[in-house]
Student: 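Below is the structure I would like to discuss, written out as structure tokens.
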Amino acid sequence: MTELAMRSVVIIGAGPVGCALATLLRRQGLEVDLFERQAESSGTGSGHSFNLTLTSRGLDCLPRSVKRRLYLQGSVLAKRIIHHRDGAISTQAYGTMDNHHLLSIPRGVLQDLLRDQALRAGARIHYGQQCIDVDTARPSALLRDRDGSSTWVTGDLLVGCDGANSAVRDAIVAAHPNDMWMTRDTIAHGYAEINMDYRDADPTGMHLWPRGDHFLQAQPNRDQTFTTSLFKPTASDGARRHFSDLPSATAISDYCATQFPDVFGRMSAVGEELAGRSPGRLRIINCAPYHHRRAVLVGDAAHAVVPFFGQGINCSFEDAATLASLLEKFQAAVRAEGGTVASVGEVVVDEYSAVRVKAGHALAELSLQNLAELSDHVNDPRFLARRALERRLHELRPELYTPLYQLVAFTHMPYDAAQRVHQETSAVLDSLCRGRDVRAEQDAIIAEFAELYGSAAQLASPGQLTTPAKRTG
Ligand SMILES: Cc1cc2nc3c(=O)[nH]c(=O)nc-3n(C[C@H](O)[C@H](O)[C@H](O)COP(=O)(O)OP(=O)(O)OC[C@H]3O[C@@H](n4cnc5c(N)ncnc54)[C@H](O)[C@@H]3O)c2cc1C
């Protein structure tokens, strides 16, 4: 038997997830080579300019030093600030603990920091190398450089971190259609960034203007600017795609003046700005399993989700941490008991897939469902009364109930388990709230829930329903 611990990993894509994974693997002493399609100077991964919100779920997967550096460069957002149609403003805290906040960080800043960390950890990044094919058995990737010449590179494990349009994934599906399936959907909503001078606004929350099936969002940056984006259904007139019912600069301008009168004066050029470019498309890409032989998919290459839960990259960092910890575990086992690189690689990716596919698919569903919350529900008094009830229930009986947002953003409960728990507890709450004034009868409903669900939970699986996070001081 050839006894060989795994030594080298080839990662395709030096975006945020590829770089984060490279750092984690270097800490185990593995040789890590990243191959990135773009030139070194282009820097910011896939080229999107928007901010990313990180939550403790994703942040906890990164080394402590990286997390500290991110906090130095990002903005902490502890609440949503809702701008209602009538001009009123209300706030909704994201959670109940100190670590229940979003860390909003420009994509380029995150990318630069993670790339810097990967290089410092000893990973090698090769730019201008586009993956065009893979062989999952060796495992190898065929790379084409800027001059058009191609070379195969081989490692003990091949990881596709090459984003939503993953060439690694597409090559596996094309060569092994019976072993990996994939679906690719585009939703009607698109998004566009808007220049808005919002300097004097509250920088401690995510500003949101929910307006039915569309919403405006402004995320504070550390330099007192805001990154503002409009999310709205799109339509195509044959020649170009635009926000629906807004085919011209005048229509866009009138729409913003009517829908967002409180900030319209701060986006003076919005008509020309949006009429000049097509809204970004939002895709959902699912596949399963996330591996083939000794090749594995991590991050958006495995699951591209719509951004309405702000969890895409958090989920991706969780993928990276899961893969790294499985590798560490199996490396130790192989050193103790013997084995081959091939068998370790295949066992690791198999276990990784078994855990992460369920999580990725659940996040895709949860993210789509949250569109309704951002566009509409946060404006609705009945919805707000229900959220107030849930929050109070959690404060009084955290062992019985944690709101979905907290489970998803601030715990490490797998997304699929969070989804299941939420479906169960929501059904109970729905039946208790039906036909009642939820605000006026909050205490009674909580008492009934505790009585009903408390005993049911004890019978089923004590302690399984929630994982409240610890207060961080
Ligand atoms: C509008 C929008 C808002 C979002 N907001 C949030 C948010 O607030 N919070 C959050 O958690 N997530 C958010 N996301 C999701 C987040 O952007 C992704 O989850 C994240 O970028 C995934 O990182 P990645 O490294 O897997 O892929 P990418 O960032 O796409 O990086 C892939 C890398 O691979 C390279 N590459 C591609 N193809 C090849 C190839 N063939 N060969 C070599 N290299 C290649 C690319 O150049 C790139 O550097 C948002 C997404 C969108 C669209």
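This structure is a prediction, so every number in the text was calculated from the model and none was measured. Just follow the structure's listing: the first ligand is 1, and inside any ligand the first atom is 1.
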Student: Is the centre of the Tyr94 ring less than 6.0 Å from the centre of the Phe410 ring?
Tutor: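 Aromatic pair excluded; centres sit 6.0 Å or further apart.
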Student: Assess, by modelled atom type and distance only, whether the side chains of Arg146 and Gln129 contain a donor and an acceptor separated by less than 3.5 Å.
Tutor: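 Checked: Arg146/Gln129 side chains show no N/O donor-acceptor pair below 3.5 Å.
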Student: Could you list the atoms of ligand 1 found under 4.0 angstrom from a heavy atom of Gly13?
Tutor: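 Result: 34 (O), 35 (C), 44 (N).
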Student: Report yes if some heavy atom in the side chain of His303 is under 4.5 Å from a heavy atom in the side chain of Tyr290; otherwise report no.
Tutor: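 Heavy-atom side-chain distance check passes, below 4.5 Å.
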Student: To which of Arg144, Glu36, Arg107, Gln129 does the heavy atom nearest atom 29 (O) of ligand 1 belong?
Tutor: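 Shortest heavy-atom distance from atom 29 (O) of ligand 1: Arg107.
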Student: Just to be sure I read this right, does ligand 1 sit under 4.0 Å from the backbone of Gln38, its side chain, both, or neither, counting only heavy atoms?
Tutor: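 Just the side chain.
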Student: Any nitrogen or oxygen of Pro307, side chain or backbone, less than 3.5 Å from one on ligand 1?
Tutor: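 No, since none of the N or O atoms of Pro307 sits under 3.5 Å from an N or O of ligand 1.
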Student: My understanding is that we take every heavy atom of each candidate and find the minimum distance to atom 5 (N) of ligand 1. Doing that for Asp170, Leu52, Ile132, which one comes out nearest?
Tutor: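 Considering heavy atoms of Asp170, Leu52, Ile132, the nearest to atom 5 (N) of ligand 1 sits in Leu52.
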Student: Considering the heavy atoms of Asn314, write down every atom of ligand 1 situated less than 4.0 Å from one of them.
Tutor: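 Counting from 1, the qualifying ligand atoms are 11 (O).
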Student: Scan side-chain atoms only and decide if Thr228 and Asn195 contain a donor-acceptor pair under the 3.5 Å cut-off.
Tutor: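 The criterion, which ignores hydrogens and geometry beyond distance, is not satisfied for Asn195 and Thr228.
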Student: With heavy atoms only and a cut-off of under 4.0 Å, state how Ala167 meets ligand 1: side chain, backbone, both or neither.
Tutor: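 Looking at Ala167 and ligand 1, just side chain atoms fall under 4.0 Å.
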Student: For the residue pair Ser278 and Arg241, confirm or rule out a side-chain donor-acceptor distance under 3.5 Å.
Tutor: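 No donor-acceptor contact under 3.5 Å links the two side chains.
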Student: Side chains of His126 and Asp33 only: does a donor on one sit below 3.5 Å from an acceptor on the other?
Tutor: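 On atom types as modelled, these side chains qualify, holding a pair under 3.5 Å.
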Student: Could you tell me, atom by atom, which parts of ligand 1 come under 4.0 Å of a heavy atom of Gly15?
Tutor: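 Ligand 1 atoms under the 4.0 Å threshold to Gly15: 25 (O), 31 (O), 33 (C), 49 (O).
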Student: For ligand 1, which is the ligand I care about here, please tell me if Gly18 has any N or O atom under 3.5 Å from one of the ligand's N or O atoms.
Tutor: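 No: no nitrogen or oxygen of Gly18 is under 3.5 Å from one in ligand 1.
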Student: Which bit of Cys161 is near ligand 1, meaning a heavy atom under 4.0 Å away: side chain, backbone, both or neither?
Tutor: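 Within the 4.0 Å criterion, Cys161 contacts ligand 1 through backbone atoms alone.
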Student: Looking only at side-chain N and O atoms, does Glu373 offer a donor or acceptor that is under 3.5 Å from a partner on Tyr405?
Tutor: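 No pair is found: no donor N or O on one side chain lies under 3.5 Å from an acceptor on the other.
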Student: Of all the atoms in ligand 1, which lie at a distance below 4.0 Å from a heavy atom belonging to Phe35?
Tutor: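 With Phe35 as reference, the close atoms of ligand 1 come out as 43 (C), 44 (N).
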Student: Report the part of Ile12 in contact with ligand 1, treating N, CA, C, O as backbone and CB onward as side chain, heavy atoms under 4.0 Å; options are side chain, backbone, both, neither.
Tutor: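 Side chain only.
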Student: Decide whether an N or O pair under 3.5 Å exists between Ile313 and ligand 1.
Tutor: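 Yes - when backbone and side-chain N and O of Ile313 are compared with those of ligand 1, one distance drops under 3.5 Å.
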Student: Any heavy atom of Ala301 closer to ligand 1 than 4.0 angstrom?
Tutor: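 Outside the 4.0 Å threshold, so no.
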Student: When you compare the side chains of Asp60 and Ser56, does any donor N or O come within less than 3.5 Å of an acceptor on the partner?
Tutor: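 No donor-acceptor contact under 3.5 Å links the two side chains.
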Student: Backbone or side chain, does any N or O of Gly310 fall under 3.5 Å from an N or O of ligand 1?
Tutor: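 Among all N and O atoms of Gly310, at least one is under 3.5 Å from an N or O of ligand 1.
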Student: Report yes if some N/O of Val17 lies less than 3.5 Å from some N/O of ligand 1; otherwise report no.
Tutor: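 Yes, Val17 has an N/O under 3.5 Å of an N/O on ligand 1.
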Student: Answer whether the closest heavy-atom distance between the side chains of Asp213 and Pro233 falls below 4.5 Å.
Tutor: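 Contact flag for Asp213/Pro233 side chains = yes.
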Student: Within the structure provided, determine whether Pro63 and Arg27 are in side-chain contact (heavy-atom separation under 4.5 Å).
Tutor: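 Answer yes - side chains close enough.
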Student: Between His84 and Ser90, do the side chains contain a donor N or O and an acceptor N or O under 3.5 Å apart?
Tutor: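 A pair is found: one side chain offers a donor N or O, the other an acceptor, under 3.5 Å apart.
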Student: Compute the shortest N/O to N/O distance between Gln130 and ligand 1 and return yes if it is under 3.5 Å, no if not.
Tutor: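 No.
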Student: With nothing but distance in play, are any N or O atoms of Tyr191 less than 3.5 Å from an N or O of ligand 1?
Tutor: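 No.
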